[in-house]
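All remarks here apply to the structure that follows.
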Amino acid sequence: MKRVADIALPLAVAALLLAGWEWAVSHWQVPVYVLPAPSAIARAFTENLGSLMAALASTLTVTLEAFAAACVLGIATAIAFSQSRLLERTLYPYAVILQVTPVVAIAPLILIWVGFERINLALVIIATIVAFFPILAGATLGLKSADFNLIDLTRLYGASRAQTLWRIRLPTALPYILSGMKTAGGLALIGAVVAEFVAGSGTATGLAWRIVESGNRLEIATLFAALALLAATGVLIFAALSLMEWWLLRRWHESAISAS
Amino acid sequence: MIALSGIAKRFANGVQAVSDLSFAVERGEFVSLLGPSGCGKSTALRLAAGLLQPDAGTVTYANGKPEIGFVFQDHTLMPWADALTNARLPLDLKHVARGEADARAAAALARVGLAGFEHAFPRELSGGMKMRVSIARALAAEPQLLLLDEPFAALDEITRNGLGDDLLKLWREDGLTVLFVTHSVSESSYLSQRVLVMTPRPGRIAADIVLPGGRDNRLAPATIEAQRSISATLNSSVAA
């Protein structure tokens with residue numbers, strides 16, 4: 001019953017909002033270039049389905065590549081940090097600097113360095129920078145959170161560093177890494193969109209560019225359709241990662257058990 | 001089996017945990033290390049296991065470092081792994097082949113009364129059962145020396161007594177050498193052959209009490225008498 005409510009209630013709110021929106025637009029005769037009705041957006045969506053899907057595929061490719069790169073780099077860096085406090089103390093501040101510097105400010109630089117002829121690589125690098133930090137922060141904390149007594153036990157049995165890492169530290173870090181990944185999934189999408197905005201015309205073919213282009217042409221219904229597609233993609237990424245988190249933790253972690 | 005001689009250990013925070021700590025445990029003995037909270041009992045046990053290095057003094061083993069089993073105050077299990085995988089940890093770390101490791105871990109679980117619970121996760125087990133898995137893990141490596149750090153302190157009395165009896169049985173059957181840290185006079189009076197009473201911090205041995213036989217159960221006159229004598233020694237060592 002509770003699960004049905006979890007799904008039904010947000011959907012009911014969405015239906016109410018859309019109905020109210022549709023009514024308001026027709027009642028006050030709001031011009032379509034200011035606020036199109038949901039029905040107009042749906043029409044724009046079906047009319048532009050091919051090009052929107054192509055744009056989505058482009059943005060999604062950048063997002064997934066950046067997300068994968070952020071996972072590999074974030075976890076690998078955290079493992080390196082966990083093996084050497086000196087390395088962590090030396091390099092962590094630079095990771096923080098990378099995190100707090102607005103990516104729109106460094107994106108033009110990256111585009112110039114990588115070159116517009118390799119625009120996709122540049123987009124992936126920018127989105128990776130945005131998505132990298134939550135995974136690094138989560139994995140670093142997680143790898144440090146291993147039970148000291150368990151670590152002592154591995155020492156007692158003469159375990160190598162690699163064994164301790166594989167058998168104790170990484171499983172301990174898993175919930176922290178997965179939590180970082182959930183944040184990073186959304187950030188990779190945001191990073192990809194920001195990168196496309198900065199890259200501008202003639203190069204980008206993703207959803208962000210469709211939004212800019214539709215805005216310039218006052219095709220506001222198409223703009224909304226692209227926007228809705230973007231939001232739905234973000235929700236789907238989050239849902240997929242939440243499902244993976246639940247599946248990996250379902251047997252043992254409090255977070256997954258209380259949720260089931 | 002193991003001898004600590006003139007051991008001193010100060011921690012980074014300035015606490016002098018033990019000072020001039022000396023004692024020996026013979027092969028096959030069941031020895032309790034008894035003292036008030038914070039007197040350095042756990043430190044002594046970690047020094048004996050080689051998990052801590054002393055600032056002064058020596059830890060010597062009779063015939064090279066024996067295979068050591070260690071049981072902590074809390075169960076210290078891997079929550080992500082089932083009972084069998086937990087009990088198998090020492091064997092996995094020693095690269096024992098999976099088939100043999102599984103068989104030995106399952107046998108260890110059976111010995112502590114957990115046959116049939118091989119694939120239960122720690123969260124599905126009671127406090128006493130978790131502690132049994134922890135003991136099975138220590139047994140899986142077939143230790144000669146078993147070190148236990150107040151293993152039953154967090155358990156209720158009925159569970160504690162049951163586990164104490166099981167521990168005695170394992171000790172008798174395997175010819176183990178046991179060093180058992182506790183703050184319970186009654187536990188030490190029933191379980192052990194010798195009780196080493198420690199002073200308050202910095203800990204050293206205040207008395208070495210050899211207990212007589214006839215302590216067949218917790219309420220036997222010899223057990224009660226042993227409690228009386230241990231309590232008297234403990235009180236005078238704390239007061240001194």
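Protein chains get the first letters and strands the later ones, always in sequence-line order, with residue 1 at the start of each. Note that this is a predicted model, so its numbers are computed, not measured.
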- B:A141 portion near chain A, given a 4.5 angstrom heavy-atom threshold: side chain
- Message: Taking side chain as everything from C-beta outward and backbone as N, CA, C, O, which of these in B:E124 sits under 4.5 Å from a heavy atom of chain A? Side chain, backbone, both or neither.
- Response: side chain
- Message: Distance check, rounded to the nearest 0.5 Å: A:L153 atom CG versus B:I68 atom CD1?
- Response: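 Atom-to-atom, A:L153:CG and B:I68:CD1 are 11.5 Å apart.
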Over 12 foreign heavy atoms within 6.0 Å of [atom1], [X]:
X: B:R194; atom1: CZ; value: yes
X: B:R46; atom1: CZ; value: yes
X: B:E173; atom1: CD; value: yes
X: B:K169; atom1: NZ; value: no
X: A:R161; atom1: CZ; value: no
X: B:I158; atom1: CD1; value: no

- Item | Polar side-chain atom of A:R167 near backbone of B:L89 as donor-acceptor pair, under 3.5 Å |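 No, A:R167 side chain to B:L89 backbone: no donor-acceptor pair under 3.5 Å.
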If I measure from the heavy atoms of chain B, does [X] come under 4.5 Å with its side chain, its backbone, both, or neither?
X: A:I168; result: both
X: A:T172; result: both
X: A:D147; result: side chain

- Write out all pairs satisfying ring-ring contact (aromatic ring centres under 6.0 Å, His included) with one or both partners inside residues 49-74 of chain B, taking only residues at least two apart or from two chains. B:F70-B:F72
- Message: Taking ring-ring contact (aromatic ring centres under 6.0 Å, His included) as the cut-off, I'd like each qualifying pair that reaches into residues 4-43 of chain B, sequence neighbours left out, listed once.
- Response: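 Every pair satisfying ring-ring contact (aromatic ring centres under 6.0 Å, His included) with a residue in residues 4-43 of chain B: B:F30-B:W171, B:F30-B:F180.
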Kindly give the heavy-atom pair with the smallest separation between [X] and [Y], and that separation in Å.
X: B:R123; Y: A:R251; value: CD-O, 3.7 Å
X: B:G69; Y: A:Y157; value: CA-OH, 4.0 Å
X: B:R137; Y: A:L150; value: NH1-CD2, 3.8 Å
X: A:L156; Y: B:A49; value: CD1-O, 3.6 Å
X: A:W252; Y: B:P79; value: CB-O, 2.9 Å

- Query: Would B:D74 and A:N149 count as a side-chain contact (heavy atoms from CB on, under 4.5 Å) if you check the C-alpha gap in whole Å, the side-chain angles of each, and the deciding distance to 0.1 Å?
  - Reply: CA-CA 9 Å; B:D74 56 353; A:N149 285 339; 3.8 Å; yes
